[in-house]
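Read the structure below first, then the notes.
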Amino acid sequence: MRIAYLLFIPVLFGFISAPADRSIDPEEFDVQFLEQLVHDKINELRIQKKRIPLISDSILYVSAQDHSAYLIKLGKLSHLQSGDKSMKTPQDRAEYYGIEGYWVGENILYSYYNSNVDNGKNGQFKTYTYEILAEAILHSWKTSSSHLANILNPEYTLSGLALAVDFETKRVYVCQDFAKAK
């Protein structure tokens, strides 16, 4: 067991130290790396605004992952899922996957990789690297008052951020679920 643990450490450090400014290769799209970059940028913003960092929660991650995959199938943004009533709202999805004793909020969006994405100020994000794509995602949420309110809500302590990639359209669907104690 100890040998396996020691072999895991170099792999982990290799993941952590991967350069954020590396180009996005659709053949080897690093979903987990981008998820972590966006999560880290959100926590940096929270710290700047005197909020505690959000703790990653595995249940919220699975709930967000489910919804990101649903959004690809839907082809548009919606906080609601049709069909199974136990998965309709962000709260329903989190409870379905096992969260108890928390109220859940959600941010969603889609952006594009390897594209020029409008930043709303007569400029563009050239989303050809993970760093710039993560910046574009955060910028979209920062410039929306309701999304920014979720990010900066001091009552939210837990988060799950997941994304799914539609390689046909180059869309990256992002879902971040937040939780605060009831």
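Each residue takes its place number in the sequence, starting with 1.
Although no hydrogens or angles enter the test, the distance criterion places no donor-acceptor pair under 3.5 Å between the side chain of Arg171 and the main chain of Ile72. A donor-acceptor pair is defined here as one N or O able to donate and one able to accept, closer than 3.5 Å; such a pair exists between the side chain of Ser78 and the backbone of Leu80. The backbone N or O of Asn119 sits less than 3.5 Å from a side-chain atom of His139, completing a donor-acceptor pair. No donor-acceptor pair under 3.5 Å is formed between the side chain of Arg51 and the backbone N or O of Asn43. With Ser63 contributing its side chain and Ile59 its backbone, the two residues share no donor-acceptor pair below 3.5 Å. Looking at Ser144, its side chain never comes within 3.5 Å of a backbone N or O of Ser140 through a donor-acceptor pair. Between the Glu35 side chain and the Leu163 main chain, a donor and an acceptor come within less than 3.5 Å of each other. Judged by distance alone, the side chain of Asp21 and the main-chain N or O of Thr129 form no donor-acceptor pair under 3.5 Å. For the pair Ser111 (side chain) and Ile137 (backbone), a donor-acceptor distance under 3.5 Å is absent. No side-chain donor-acceptor contact under 3.5 Å links Trp141 to the backbone of Ser146.
Residue Tyr110 places its OH atom among 12 or fewer non-hydrogen atoms of other residues, nucleotides or ligands, all under 6.0 Å distant.
Of all heavy-atom pairs spanning Asp30 and Arg22, the tightest one is OD2-NH2, 2.8 Å. When all heavy atoms of Ser115 and Lys170 are compared, the pair lying nearest together is OG-CD, 4.0 Å. For Ile52 against Arg46, the heavy-atom pair with the smallest separation is O-NE, 2.7 Å.
Tested against Tyr128 for a side chain to side chain contact (heavy atoms under 4.5 Å, CB included), the candidates Asn114, Ile24, Leu133 yield a single pass: Asn114. Exactly one residue among Phe178, Tyr102, Trp103 makes a ring pair (Phe, Tyr, Trp, His ring centres under 6.0 Å) with Tyr156. That residue is Phe178. Applying side chain to side chain contact (heavy atoms under 4.5 Å, CB included) to His67 and the options Met87, Glu106, Gln176 leaves one that passes, Glu106.
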Exercise for the section: Start with the C-alpha gap between Ile108 and Cys175, add the side-chain angles, then the distance that decides, and say whether side-chain contact (heavy atoms from CB on, under 4.5 Å) holds. Expected result: CA-CA 4 Å; Ile108 57 174; Cys175 178; 3.9 Å; yes
Practice task
Could you check Val174 against Leu161 for side-chain contact (heavy atoms from CB on, under 4.5 Å), going step by step and ending with a plain yes or no?
Solution key: CA-CA 7 Å; Val174 186; Leu161 186 143; 4.2 Å; yes
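Here Lys126 contributes atom NZ and Asn116 contributes atom CG; the two are 4.0 Å apart, rounded to the nearest 0.5 Å. Atom-to-atom distance recorded for Tyr96:OH and Gln81:CD is 10.5 Å, nearest 0.5 angstrom.
Residues Arg93 and Asp177 are not paired through a salt bridge, judged by the lack of any N-O separation under 4.0 Å between the basic side chain and the carboxylate. Under the 4.0 Å criterion applied to side-chain N and carboxylate O atoms, Lys182 and Glu100 are not assigned as salt-bridge partners.
With contacts defined as side-chain heavy-atom distances shorter than 4.5 Å, the pair Leu138/Glu44 does not qualify.
Side-chain atoms of Asp66 and Tyr97 include a donor-acceptor pair closer than 3.5 Å.
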